[in-house]
Amino acid sequence: MIYNFLGNSDMNVSKLGYGSWALGKTGWKNVNQDEAIKTFEKSIELGINFIDTAPIYGFGKSEMIIGDITKSIRKNLYIASKTGLEWSDTGRVIHNLSRDFILSDIEKSLKRLKTDYIDLYQIHWPYEGFNLKEVLNTLNELKKNKIIKYIGVSNFKINLLKNAYDIIPICSIQNQFNILQNNDINDIIPFCTNKNIGFIAYSPLAQGLLSGCFDKNYTLSKNDIRRFNPLFHNKNIYNEINKIEKPILQTSINYLLNNNVSVILISMTKEKHLIENINILNKKKV
Ligand SMILES: NC(=O)c1ccc[n+]([C@@H]2O[C@H](COP(=O)([O-])OP(=O)(O)OC[C@H]3O[C@@H](n4cnc5c(N)ncnc54)[C@H](OP(=O)(O)O)[C@@H]3O)[C@@H](O)[C@H]2O)c1
């Protein structure tokens with residue numbers, strides 16, 4: 001496994017991070033949860049030490065599973081969670097970055113994760129009219145009280161990232177980044193490199209499209225979250241994917257390794273996929 005420091009922090013994180021959205025199952029109905037849990041345990045055994053979650057993943061379920069599995073080895077791992085999305089009993093999701101919400105959100109995350117601190121706490125999604133300064137001040141207070149170690153942001157565009165950085169030297173940004181969705185290559189990644197901010201790439205395999213396992217005949221099940229991903233509705237997407245050098249999976253992971261990404265955050269619920277991804281990373285190292 002390759003390790004690197006995340007931004008200017010002292011967290012020496014694995015280049016391959018474990019993305020735990022599907023571990024919570026909601027939106028990923030085809031997931032076999034027992035197999036997913038075993039794969040997660042195996043990922044730690046094989047050296048992955050950076051785990052990304054969020055309260056919204058499985059409406060608390062992802063954090064709970066991570067808490068159960070990591071409580072006895074907590075100190076060896078870096079757990080990243082997020083704040084800013086609230087859900088109702090009917091499953092309706094709304095944005096909320098008010099101070100009161102953040103303070104209650106983190107209490108619940110700590111309980112579910114069975115820990116008394118979170119290594120990296122990220123603003124999950126910005127929204128029109130939210131108060132950036134107030135949010136960062138609240139997160140900074142949590143940091144001073146040692147409830148979180150580092151502050152991160154996610155889904156920020158360049159101007160918002162610059163505004164955030166002017167208020168507080170944040171540790172990292174987590175954005176969508178892969179061969180097909182690579183806008184950040186021109187502005188955010190150079191800014192991060194320049195300021196020593198960690199860049200965490202989410203959906204690095206474009207939610208599976210870049211895994212080499214998809215073809216034109218693939219159909220998504222009714223409850224699959226990927227129905228909301230515009231890439232899956234793009235009729236030309238398979239032509240674009242076909243232009244990528246084969247094997248596509250390897251080219252896709254190497255693309256991230258070559259572009260100053262600190263953590264490649266892949267969701268893996270099958271051990272076979274975990275091993276394949278680690279092997280590609282190790283090959284690159286040699
Ligand atoms: N900050 C945000 O707003 C945000 C948004 C989206 C995601 N994220 C984070 O990023 C993580 C990953 O992103 P993602 O789940 O959207 O997409 P992703 O990691 O690009 O794709 C996940 C899909 O790729 C498949 N896969 C992984 N390795 C494979 C391999 N070697 N061969 C074949 N298929 C393979 C997985 O299959 P199996 O399950 O069958 O192994 C899964 O279906 C999430 O879990 C979450 O932690 C953050």
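Residue numbers start at 1 and run along the sequence shown. Atoms within a ligand are numbered from 1 in the order they appear, just like the ligands themselves.
- In this structure, Phe50 has its ring center no closer than 6.0 Å to that of Tyr3.
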Name the atoms and distances for all side-chain donor-acceptor pairs under 3.5 Å in residues 191-214, with sequence neighbours left out.
unit_1	atom_1	unit_2	atom_2	d
Thr193	OG1	Ile189	O	2.9
Thr193	OG1	Asn260	ND2	3.1
Tyr202	OH	Asn155	OD1	2.6
Gln207	OE1	Asn229	ND2	3.0
Ser211	OG	Gly208	O	2.6
Ser211	OG	Cys213	N	3.2

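- Side chain of Ser88 to backbone of Arg92: a donor-acceptor contact under 3.5 angstrom is found.
- The aromatic rings of Tyr57 and Trp21 lie parallel to each other, their planes meeting at an angle below 30°, with 60° marking the opposite boundary.
- Only backbone heavy atoms of Ala206 (N, CA, C or O) come within less than 4.0 Å of ligand 1; its side chain stays farther off.
- Within ligand 1, the atoms closer than 4.0 Å to a non-hydrogen atom of His124 are 1 (N), 2 (C), 3 (O), numbered from 1 in the order shown.
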* Working for salt bridge (charged side-chain N to carboxylate O under 4.0 Å, His left out), residues Lys270 and Glu276 -> CA-CA 10 Å; Lys270 296 190 181 67; Glu276 269 172 10; over 6 Å; no
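- When only modelled atom types and interatomic distance are considered, Ser81 and Gln122 share no side-chain donor-acceptor pair under 3.5 Å.
- Remark: the backbone N or O of Arg227 is paired with a side-chain donor or acceptor of His233 at under 3.5 angstrom.
- With respect to the salt-bridge test (charged N to carboxylate O, under 4.0 angstrom), the residues Asp166 and Lys133 do not qualify.
- Comparing Tyr18, Phe214, Trp21, Tyr202 by heavy-atom distance to atom 2 (C) of ligand 1, the nearest is Tyr202.
- When hydrogens are left out, the protein atom nearest atom 21 (O) of ligand 1 is Gln207 CA, 3.3 Å; that is the closest non-hydrogen contact.
- The closest side-chain donor-acceptor pair between Ser62 and Thr53 falls under 3.5 angstrom.
- Near Gln174, the atoms of ligand 1 lying under 4.0 angstrom from a non-hydrogen atom of the residue are 1 (N), 2 (C), 4 (C), 8 (N), 9 (C), 48 (C).
- Seen from the ring of Tyr121, Lys82 does not count as a face-on cation partner, given the 6.0 Å and 45° thresholds.
- Between the side chains of Asp100 and Ser98, not a single donor N or O lies within less than 3.5 Å of an accepting N or O.
- The shortest heavy-atom distance from Ser20 to ligand 1 is under 4.0 Å.
- Residue-ligand proximity, Gly208 to ligand 1, at heavy-atom distances under 4.0 Å covers atoms 21 (O), 23 (C), 24 (O).
- Less than 4.0 angstrom separates some heavy atom of Ser211 from each of these atoms of ligand 1: 32 (N), 33 (C), 34 (N), 35 (C).
- Scanning the protein for heavy atoms near atom 47 (O) of ligand 1, the closest one is Asp52 OD2, 2.8 Å.
- For atom 40 (O) of ligand 1, the closest non-hydrogen atom of the protein is Lys270 NZ, 2.8 Å.
- For the residue pair Gln181 / Asn178, a side-chain donor-acceptor distance below 3.5 Å is found, with atom types taken as modelled.
- Taking 4.0 Å as the cut-off between side-chain N and carboxylate O, Lys243 and Glu240 do not count as a salt-bridged pair.
- Under a 4.0 Å criterion applied to the non-hydrogen atoms of Leu249, ligand 1 contributes the atoms 31 (N).
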* Can Asp184 and Lys157 be said to form a salt bridge (charged side-chain N to carboxylate O under 4.0 Å, His left out), step by step? -> CA-CA 8 Å; Asp184 288 358; Lys157 297 235 164 48; over 6 Å; no
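- Taking every heavy atom of Cys213 and a limit of under 4.0 angstrom, the matching atoms of ligand 1 come to 33 (C).
- Protein heavy atom in closest approach to atom 20 (O) of ligand 1: Leu205 N, 2.8 Å.
- The protein atom (non-hydrogen) at minimum distance from atom 28 (N) of ligand 1 is Asn277 ND2, 3.0 Å.
- Nearest residue to atom 22 (C) of ligand 1 from Ser267, Ser154, Ala201, Gly84 is Ser267 (criterion: closest heavy atom).
- The shortest separation from a heavy atom of Tyr57 to ligand 1 is under 4.0 Å, placing the residue in contact.
- For atom 39 (O) of ligand 1, the nearest protein heavy atom (residue, atom name, distance) is Thr269 OG1, 2.6 Å.
- Distances below 4.0 Å separate heavy atoms of Asn155 from the following atoms of ligand 1: 1 (N), 2 (C), 3 (O).
- When only non-hydrogen protein atoms are considered, atom 11 (C) of ligand 1 lies nearest to Leu265 O, 3.6 Å.
- The shell of residues lying under 4.0 angstrom from ligand 1, judged by heavy atoms, includes Lys82.
- Which of Arg226, His273, Glu35 comes nearest to atom 32 (N) of ligand 1 through a heavy atom is settled by distance: it is His273.
- Each of the following atoms of ligand 1 lies closer than 4.0 Å to a heavy atom of Met268: 41 (O).
- Nearest-residue assignment for atom 16 (O) of ligand 1 (options Pro204, Ser203, Ala80, Gly19; heavy-atom criterion): Ser203.
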